[in-house]
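Contents: one structure, followed by commentary.
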Amino acid sequence: MPRRSWEVRTGRRRLAIPLARAWVSVDGIEASDAMIARLRAQPGADRMGVVQENLASLTPS
C-alpha cells in the first residue's frame, strides 16, 4: 500500500520535503505564491503536488 500524506501550509517545508525525499506521496495546501515558489526551489519538491488555496475561504460541508 502506498504511503500518502497531506500537509497544510506546505510552503514552510517542515514535513513535506522530508516525507517526499523518503518517497512518501505528499500533497500540500498553500495560500501564498511566494511560499510555493520557495517550496518549488527545494530538492525533492518535484515529487509532491501543491494546491493553492486559502483555507480561511473554505466552508465546511
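Contact between Asn54 and Ala31 at its shortest, heavy atoms only, is CA-CB, 3.9 Å. In plain terms, the two heavy atoms of Arg3 and Val24 that are nearest each other are O-CG1, 3.6 Å. Of all the heavy atoms in Ile29 and Glu53, the pair that sits closest is CG2-O, 3.8 Å. In this structure, Arg40 and Met48 approach most closely via the heavy-atom pair NH1-O, 3.3 Å.
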* Asked: Val50 and Asp27: side chain to side chain contact (heavy atoms under 4.5 Å, CB included), yes or no, with the steps?
  -> CA-CA 6 Å; Val50 177; Asp27 291 303; over 6 Å; no
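Counting only heavy atoms from C-beta outward, the side chains of Gln52 and Glu30 never approach each other to under 4.5 Å.
A distance of 8.5 Å separates CG of Leu39 from CD of Glu7, quoted to the nearest 0.5 Å.
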